[in-house]
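First comes the structure, then the notes that go with it.
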Amino acid sequence: MSQFEKTPGWLDWYANPSKPKFQLPAGAVDAHCHVFGPGDEFPFAPERKYTPCDASKAQLFALRDHLGFARNVVVQATCHGADNRAMVDACKSSGGKARGVATVKRSISDAELQELHDAGVRGVRFNFVKRLVDFTPKDELMEIAGRIAKLGWHVVIYFEAVDLPELWDFFTALPTTVVVDHMGRPDVSKGVDSEEFALFLKFMREHKNVWSKVSCPERLSVTGPKALDGEQNAYQDVVPFARRVVEEFPERVLWGTDWPHPNLKDHMPDDGLLVDFIPHIAPTAELQQKLLVDNPMRLYWPEEV
Ligand SMILES: O=C(O)c1cc(C(=O)O)oc(=O)c1
(Lines give C-alpha, C1' and ligand atoms only; values in the text may rest on other atoms or scores of the structure.)
Protein backbone atom coordinates (compact mmCIF):
# COMPACT_ATOMS: atom_id res chain seq x y z
CA MET A 1 0.00 0.00 0.00
CA SER A 2 1.46 3.35 -1.03
CA GLN A 3 1.83 6.19 1.46
CA PHE A 4 -0.19 8.34 -1.00
CA GLU A 5 -3.92 8.19 -1.51
CA LYS A 6 -5.11 8.84 -5.05
CA THR A 7 -7.35 11.83 -5.75
CA PRO A 8 -11.02 10.65 -5.62
CA GLY A 9 -12.61 10.01 -9.03
CA TRP A 10 -9.28 9.63 -10.75
CA LEU A 11 -9.06 6.74 -13.21
CA ASP A 12 -6.06 4.45 -13.43
CA TRP A 13 -4.37 3.97 -16.80
CA TYR A 14 -5.81 1.35 -19.15
CA ALA A 15 -4.50 -2.03 -18.07
CA ASN A 16 -4.47 -4.12 -21.25
CA PRO A 17 -4.28 -1.81 -24.26
CA SER A 18 -5.10 -3.30 -27.65
CA LYS A 19 -2.46 -3.87 -30.29
CA PRO A 20 -2.78 -0.94 -32.74
CA LYS A 21 -3.94 -1.71 -36.27
CA PHE A 22 -1.84 1.18 -37.50
CA GLN A 23 1.78 0.14 -37.80
CA LEU A 24 4.08 2.87 -36.57
CA PRO A 25 7.07 3.71 -38.78
CA ALA A 26 10.42 2.32 -37.63
CA GLY A 27 12.00 4.54 -35.01
CA ALA A 28 8.74 6.21 -33.91
CA VAL A 29 8.93 8.40 -30.80
CA ASP A 30 6.20 8.77 -28.17
CA ALA A 31 7.06 12.43 -27.58
CA HIS A 32 4.75 13.11 -24.64
CA CYS A 33 4.37 10.71 -21.75
CA HIS A 34 4.95 10.77 -18.01
CA VAL A 35 5.97 8.62 -15.07
CA PHE A 36 4.21 8.89 -11.70
CA GLY A 37 6.46 7.81 -8.85
CA PRO A 38 6.12 5.09 -7.79
CA GLY A 39 5.21 7.28 -4.83
CA ASP A 40 7.08 5.20 -2.27
CA GLU A 41 10.31 5.58 -4.26
CA PHE A 42 9.82 9.05 -5.73
CA PRO A 43 7.38 10.93 -3.47
CA PHE A 44 4.86 13.30 -5.05
CA ALA A 45 5.49 17.01 -4.47
CA PRO A 46 3.84 18.69 -1.46
CA GLU A 47 2.54 21.52 -3.71
CA ARG A 48 0.82 19.11 -6.18
CA LYS A 49 -2.81 19.68 -7.21
CA TYR A 50 -3.63 15.98 -7.56
CA THR A 51 -2.30 12.65 -6.35
CA PRO A 52 -2.03 10.10 -9.16
CA CYS A 53 -1.86 6.33 -9.24
CA ASP A 54 1.65 4.95 -9.63
CA ALA A 55 2.96 4.59 -13.20
CA SER A 56 6.52 3.35 -13.26
CA LYS A 57 9.26 3.53 -15.87
CA ALA A 58 9.05 -0.26 -16.35
CA GLN A 59 5.34 0.06 -17.14
CA LEU A 60 6.05 2.93 -19.53
CA PHE A 61 8.74 0.95 -21.36
CA ALA A 62 6.44 -2.09 -21.60
CA LEU A 63 3.78 0.11 -23.21
CA ARG A 64 6.37 1.54 -25.62
CA ASP A 65 7.26 -1.96 -26.79
CA HIS A 66 3.66 -3.13 -26.95
CA LEU A 67 2.56 -0.20 -29.11
CA GLY A 68 5.62 -0.36 -31.37
CA PHE A 69 7.40 2.85 -30.37
CA ALA A 70 11.20 2.95 -30.32
CA ARG A 71 11.67 5.86 -27.92
CA ASN A 72 9.99 8.09 -25.35
CA VAL A 73 10.12 11.72 -24.32
CA VAL A 74 9.25 11.76 -20.62
CA VAL A 75 7.70 15.07 -19.62
CA GLN A 76 7.82 16.14 -15.99
CA ALA A 77 4.31 15.80 -14.55
CA THR A 78 3.04 18.55 -12.25
CA CYS A 79 2.43 16.07 -9.40
CA HIS A 80 6.23 15.91 -9.04
CA GLY A 81 6.67 19.69 -9.01
CA ALA A 82 10.30 20.64 -9.68
CA ASP A 83 11.60 17.37 -8.24
CA ASN A 84 12.75 15.69 -11.44
CA ARG A 85 14.10 12.48 -9.89
CA ALA A 86 11.46 10.06 -11.25
CA MET A 87 11.72 11.47 -14.80
CA VAL A 88 15.54 11.50 -14.66
CA ASP A 89 15.60 7.95 -13.35
CA ALA A 90 13.41 6.85 -16.27
CA CYS A 91 15.70 8.56 -18.79
CA LYS A 92 18.84 7.10 -17.24
CA SER A 93 17.37 3.58 -17.15
CA SER A 94 16.22 3.63 -20.76
CA GLY A 95 19.52 2.77 -22.44
CA GLY A 96 19.36 6.00 -24.45
CA LYS A 97 15.77 5.39 -25.58
CA ALA A 98 14.26 8.19 -23.48
CA ARG A 99 14.92 11.88 -23.26
CA GLY A 100 13.25 14.25 -20.82
CA VAL A 101 11.61 17.60 -20.24
CA ALA A 102 12.11 19.00 -16.73
CA THR A 103 10.50 21.56 -14.47
CA VAL A 104 13.07 23.81 -12.80
CA LYS A 105 13.12 26.79 -10.48
CA ARG A 106 15.24 29.92 -10.72
CA SER A 107 17.39 28.61 -7.84
CA ILE A 108 18.76 25.70 -9.92
CA SER A 109 22.56 25.86 -10.32
CA ASP A 110 24.45 25.55 -13.59
CA ALA A 111 25.93 22.28 -12.33
CA GLU A 112 22.43 20.89 -11.67
CA LEU A 113 21.30 21.92 -15.14
CA GLN A 114 24.32 20.14 -16.59
CA GLU A 115 23.43 17.02 -14.60
CA LEU A 116 19.94 17.10 -16.09
CA HIS A 117 21.46 17.49 -19.53
CA ASP A 118 23.76 14.50 -18.97
CA ALA A 119 20.71 12.44 -17.94
CA GLY A 120 19.01 13.25 -21.24
CA VAL A 121 16.91 16.34 -20.48
CA ARG A 122 16.48 18.63 -23.49
CA GLY A 123 13.74 21.03 -22.42
CA VAL A 124 11.88 22.73 -19.58
CA ARG A 125 8.13 22.90 -19.16
CA PHE A 126 6.29 26.12 -18.29
CA ASN A 127 2.74 25.41 -17.19
CA PHE A 128 -0.05 28.01 -17.22
CA VAL A 129 -3.01 25.70 -16.59
CA LYS A 130 -4.39 27.06 -13.33
CA ARG A 131 -5.91 23.78 -12.12
CA LEU A 132 -2.42 22.19 -12.27
CA VAL A 133 0.07 24.71 -10.90
CA ASP A 134 0.52 27.87 -8.85
CA PHE A 135 1.56 31.03 -10.66
CA THR A 136 5.26 31.59 -11.40
CA PRO A 137 6.32 35.17 -12.26
CA LYS A 138 7.15 35.63 -15.94
CA ASP A 139 10.51 37.26 -15.20
CA GLU A 140 11.56 34.06 -13.40
CA LEU A 141 10.50 31.96 -16.40
CA MET A 142 12.26 34.26 -18.86
CA GLU A 143 15.45 34.04 -16.83
CA ILE A 144 15.24 30.23 -16.90
CA ALA A 145 14.58 30.29 -20.66
CA GLY A 146 17.71 32.39 -21.21
CA ARG A 147 19.81 29.95 -19.22
CA ILE A 148 18.54 26.76 -20.82
CA ALA A 149 18.85 28.29 -24.31
CA LYS A 150 22.61 28.11 -23.82
CA LEU A 151 22.32 24.33 -23.43
CA GLY A 152 20.42 24.10 -26.72
CA TRP A 153 17.20 23.13 -24.91
CA HIS A 154 13.67 24.23 -25.75
CA VAL A 155 10.65 25.39 -23.75
CA VAL A 156 7.44 23.34 -23.59
CA ILE A 157 4.35 25.41 -22.79
CA TYR A 158 0.97 24.20 -21.53
CA PHE A 159 -1.97 26.59 -21.53
CA GLU A 160 -5.68 26.84 -22.30
CA ALA A 161 -6.75 28.39 -25.62
CA VAL A 162 -8.63 31.25 -23.93
CA ASP A 163 -5.40 32.37 -22.27
CA LEU A 164 -3.33 32.67 -25.46
CA PRO A 165 -4.03 36.41 -26.03
CA GLU A 166 -2.77 37.28 -22.56
CA LEU A 167 0.30 35.05 -22.87
CA TRP A 168 1.14 36.00 -26.47
CA ASP A 169 3.82 38.62 -25.70
CA PHE A 170 5.60 36.35 -23.26
CA PHE A 171 5.52 33.33 -25.58
CA THR A 172 6.73 35.28 -28.60
CA ALA A 173 9.65 36.72 -26.61
CA LEU A 174 11.02 33.28 -25.68
CA PRO A 175 14.52 32.84 -27.12
CA THR A 176 14.26 29.10 -27.85
CA THR A 177 12.22 26.61 -29.83
CA VAL A 178 8.80 26.60 -28.15
CA VAL A 179 6.69 23.42 -28.11
CA VAL A 180 2.98 23.73 -27.33
CA ASP A 181 1.37 20.88 -25.42
CA HIS A 182 -1.87 19.43 -26.81
CA MET A 183 -2.41 22.11 -29.50
CA GLY A 184 -2.98 24.78 -26.88
CA ARG A 185 -6.13 22.97 -25.74
CA PRO A 186 -8.67 24.23 -28.27
CA ASP A 187 -12.34 24.21 -27.31
CA VAL A 188 -13.38 21.85 -30.12
CA SER A 189 -17.06 22.70 -29.69
CA LYS A 190 -16.26 26.16 -31.12
CA GLY A 191 -15.20 24.58 -34.43
CA VAL A 192 -11.98 24.50 -36.42
CA ASP A 193 -12.72 27.88 -38.03
CA SER A 194 -13.25 29.66 -34.71
CA GLU A 195 -11.41 32.88 -33.90
CA GLU A 196 -9.74 31.12 -31.02
CA PHE A 197 -8.17 28.41 -33.16
CA ALA A 198 -7.32 30.94 -35.88
CA LEU A 199 -5.22 32.75 -33.29
CA PHE A 200 -3.36 29.55 -32.50
CA LEU A 201 -2.64 28.93 -36.20
CA LYS A 202 -1.46 32.55 -36.52
CA PHE A 203 0.82 32.00 -33.52
CA MET A 204 2.49 29.09 -35.34
CA ARG A 205 2.43 30.75 -38.76
CA GLU A 206 4.09 33.96 -37.61
CA HIS A 207 6.64 32.30 -35.32
CA LYS A 208 8.69 29.64 -37.00
CA ASN A 209 10.22 28.56 -33.68
CA VAL A 210 6.81 27.36 -32.43
CA TRP A 211 5.99 23.65 -32.63
CA SER A 212 2.87 21.80 -31.49
CA LYS A 213 2.06 18.41 -30.06
CA VAL A 214 -1.07 17.17 -31.81
CA SER A 215 -1.85 14.97 -28.84
CA CYS A 216 -4.61 14.33 -26.31
CA PRO A 217 -7.74 13.85 -28.41
CA GLU A 218 -9.16 12.06 -25.35
CA ARG A 219 -8.92 15.29 -23.33
CA LEU A 220 -10.18 17.62 -26.01
CA SER A 221 -13.00 15.56 -27.48
CA VAL A 222 -16.64 16.23 -26.68
CA THR A 223 -17.92 13.29 -28.79
CA GLY A 224 -15.52 10.94 -26.97
CA PRO A 225 -14.34 7.43 -27.76
CA LYS A 226 -17.74 5.89 -28.41
CA ALA A 227 -17.43 5.51 -32.19
CA LEU A 228 -14.47 3.20 -31.73
CA ASP A 229 -16.05 0.07 -33.13
CA GLY A 230 -17.99 1.71 -35.93
CA GLU A 231 -17.03 3.07 -39.33
CA GLN A 232 -15.97 6.37 -37.84
CA ASN A 233 -12.95 6.86 -35.71
CA ALA A 234 -12.93 7.80 -32.06
CA TYR A 235 -12.53 11.41 -30.97
CA GLN A 236 -13.64 12.47 -34.43
CA ASP A 237 -14.37 16.05 -33.37
CA VAL A 238 -10.65 16.55 -32.68
CA VAL A 239 -9.52 15.26 -36.10
CA PRO A 240 -10.01 18.52 -38.07
CA PHE A 241 -7.95 20.48 -35.54
CA ALA A 242 -5.00 18.12 -35.42
CA ARG A 243 -5.09 17.50 -39.14
CA ARG A 244 -5.06 21.22 -39.91
CA VAL A 245 -1.93 21.68 -37.76
CA VAL A 246 -0.18 18.61 -39.21
CA GLU A 247 -0.90 19.63 -42.80
CA GLU A 248 0.08 23.27 -42.41
CA PHE A 249 3.16 22.74 -40.23
CA PRO A 250 4.41 19.22 -41.07
CA GLU A 251 7.96 19.99 -39.92
CA ARG A 252 6.90 21.32 -36.51
CA VAL A 253 4.54 18.73 -35.07
CA LEU A 254 5.03 15.96 -32.51
CA TRP A 255 2.77 13.20 -31.22
CA GLY A 256 2.57 11.47 -27.86
CA THR A 257 0.28 9.13 -25.98
CA ASP A 258 0.16 11.28 -22.81
CA TRP A 259 0.24 8.00 -20.87
CA PRO A 260 -0.66 7.56 -17.97
CA HIS A 261 -3.23 10.28 -18.76
CA PRO A 262 -3.37 12.47 -15.63
CA ASN A 263 -6.68 13.84 -14.37
CA LEU A 264 -9.08 11.84 -16.51
CA LYS A 265 -12.34 11.11 -14.74
CA ASP A 266 -14.90 10.22 -17.43
CA HIS A 267 -13.04 7.57 -19.42
CA MET A 268 -9.54 6.22 -19.81
CA PRO A 269 -8.32 5.75 -23.37
CA ASP A 270 -7.04 2.43 -24.68
CA ASP A 271 -3.56 3.49 -25.83
CA GLY A 272 -3.68 1.08 -28.78
CA LEU A 273 -6.73 2.92 -30.09
CA LEU A 274 -5.02 6.26 -29.55
CA VAL A 275 -2.28 5.08 -31.93
CA ASP A 276 -4.99 4.19 -34.42
CA PHE A 277 -6.02 7.86 -34.30
CA ILE A 278 -2.72 8.89 -35.94
CA PRO A 279 -3.50 8.09 -39.62
CA HIS A 280 -6.66 10.22 -39.36
CA ILE A 281 -4.62 13.30 -38.50
CA ALA A 282 -1.52 12.47 -40.57
CA PRO A 283 -2.98 10.66 -43.57
CA THR A 284 0.14 10.05 -45.67
CA ALA A 285 3.27 8.01 -45.00
CA GLU A 286 5.34 11.16 -45.49
CA LEU A 287 3.41 13.12 -42.85
CA GLN A 288 3.56 10.15 -40.48
CA GLN A 289 7.33 9.86 -40.90
CA LYS A 290 7.80 13.56 -40.03
CA LEU A 291 5.37 13.54 -37.12
CA LEU A 292 6.60 10.35 -35.50
CA VAL A 293 10.27 10.08 -36.43
CA ASP A 294 12.00 12.98 -38.19
CA ASN A 295 10.66 15.86 -36.06
CA PRO A 296 11.14 14.33 -32.61
CA MET A 297 14.58 13.04 -33.60
CA ARG A 298 15.61 16.54 -34.72
CA LEU A 299 14.49 18.02 -31.40
CA TYR A 300 15.55 15.32 -28.92
CA TRP A 301 18.32 13.28 -30.59
CA PRO A 302 19.85 15.82 -33.02
CA GLU A 303 23.23 14.13 -32.74
CA GLU A 304 21.77 11.07 -34.51
CA VAL A 305 20.14 12.94 -37.36
O1 LIG B 1 -4.43 18.18 -18.67
C2 LIG B 1 -3.86 17.64 -17.69
O3 LIG B 1 -4.42 17.43 -16.62
C4 LIG B 1 -2.42 17.33 -17.81
C5 LIG B 1 -1.65 17.29 -16.64
C6 LIG B 1 -0.31 17.12 -16.75
C7 LIG B 1 0.57 17.18 -15.59
O8 LIG B 1 0.04 17.15 -14.47
O9 LIG B 1 1.78 17.30 -15.79
O10 LIG B 1 0.28 16.91 -17.96
C11 LIG B 1 -0.44 16.88 -19.11
O12 LIG B 1 0.17 16.70 -20.17
C13 LIG B 1 -1.83 17.09 -19.04
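Atoms within each ligand, like the ligands themselves, are counted from 1 in listed order. Values reported hereafter were calculated over all heavy atoms of this structure, with side chains retained and with hydrogens, waters and symmetry mates removed.
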Worksheet item: If you measure from each non-hydrogen atom of Thr78 to ligand 1, which part falls under 4.0 Å: side chain, backbone, both or neither?
Response: both
Fill in: Pair listing, salt bridge (Lys or Arg N to Asp or Glu O under 4.0 Å) test, anchored in residues 144-164, at least two apart
Asp110-Arg147, Lys130-Asp163, Glu160-Arg185
Item to complete: Taking only Lys NZ, Arg NE, NH1 and NH2, and the carboxylate oxygens of Asp or Glu, determine whether Lys202 and Glu196 approach each other closer than 4.0 Å.
Response: no
Item to complete: Give the atoms of ligand 1, by number and element, whose distance to some non-hydrogen atom of Tyr50 is under 4.0 Å.
Response: 7 (C), 8 (O)
Discussion item. Which of the numbered atoms in ligand 1 are under 4.0 angstrom from any heavy atom belonging to Arg185?
Written reply: 1 (O)
Item to complete: For His34, counting its heavy atoms only, list the atoms of ligand 1 lying under 4.0 Å from any of them.
Response: 10 (O), 11 (C), 12 (O)
Worksheet entry | Atoms in ligand 1 with a heavy atom of Asp258 nearer than 4.0 Å | 11 (C), 12 (O)
Fill in: NZ/NE/NH1/NH2 to OD/OE distance under 4.0 Å, Lys57 and Asp89
yes
Worksheet entry | Lys213 and ligand 1 - part of the residue with a heavy-atom distance under 4.0 Å | neither
Practice prompt. Look at atom 6 (C) of ligand 1 and say which protein heavy atom is nearest, naming residue and atom and giving the distance to 0.1 Å.
Written response: Pro262 CG, 3.7 Å
Item to complete: Return the orientation label for the His154 and Tyr300 ring planes: parallel under 30°, perpendicular over 60°, tilted otherwise.
Response: perpendicular
Worksheet item: Which residue and non-hydrogen atom of the protein lie closest to atom 1 (O) of ligand 1, and at what distance in Å?
Response: Tyr158 OH, 2.6 Å
Practice prompt. May I ask you to list the atoms of ligand 1 that are less than 4.0 angstrom from any heavy atom of Ala77?
Written response: 9 (O)
Practice prompt. Mind jotting down which residue pairs meet the ring-ring contact (aromatic ring centres under 6.0 Å, His included) criterion with at least one end in residues 47-79? Sequence neighbours excluded, please.
Written response: Trp10-Tyr50
Worksheet item: Are the aromatic rings of His34 and Trp13 close, with centres under 6.0 Å apart?
Response: no
Worksheet entry | Of Thr7, Asp134, Asn263, Thr78, the residue whose pairing with Lys49 passes side-chain hydrogen bond (donor to acceptor under 3.5 Å, both in side chains) | Asp134
Worksheet, complete the sentence: Going by the 4.0 angstrom heavy-atom rule, the piece of Asp181 near ligand 1 is neither
Worksheet item: Any N or O on Asn263 sitting closer than 3.5 Å to an N or O of ligand 1?
Response: yes
Practice prompt. Would you check if Phe249 and Lys208 make a side-chain contact, meaning some heavy-atom pair closer than 4.5 Å?
Written response: no
Worksheet item: Can you list the ligand 1 atoms lying under 4.0 Å from a non-hydrogen atom of Arg131?
Response: 1 (O), 2 (C), 3 (O)
Item to complete: Within a distance under 4.0 Å of any heavy atom of His182, pick out the atoms of ligand 1 and give their elements.
Response: 11 (C), 12 (O), 13 (C)
Worksheet item: For ligand 1, which part of Glu160 has a heavy atom less than 4.0 Å away: the side chain, the backbone, both, or neither?
Response: neither
Item to complete: Taking Ser18 for its side chain and Pro20 for its backbone only, find out whether a donor-acceptor pair lies under 3.5 Å.
Response: no
Worksheet item: Just heavy atoms, cut-off under 4.0 Å: does Leu132 contact ligand 1 by side chain, backbone, both, or neither?
Response: side chain
Item to complete: Just need the protein heavy atom nearest to atom 10 (O) of ligand 1, so name the residue and atom and give the distance.
Response: Arg125 NH2, 3.2 Å
Item to complete: Would you mind checking if Asp83 and Arg48 are paired as a salt bridge, meaning a charged N to carboxylate O distance below 4.0 Å?
Response: no
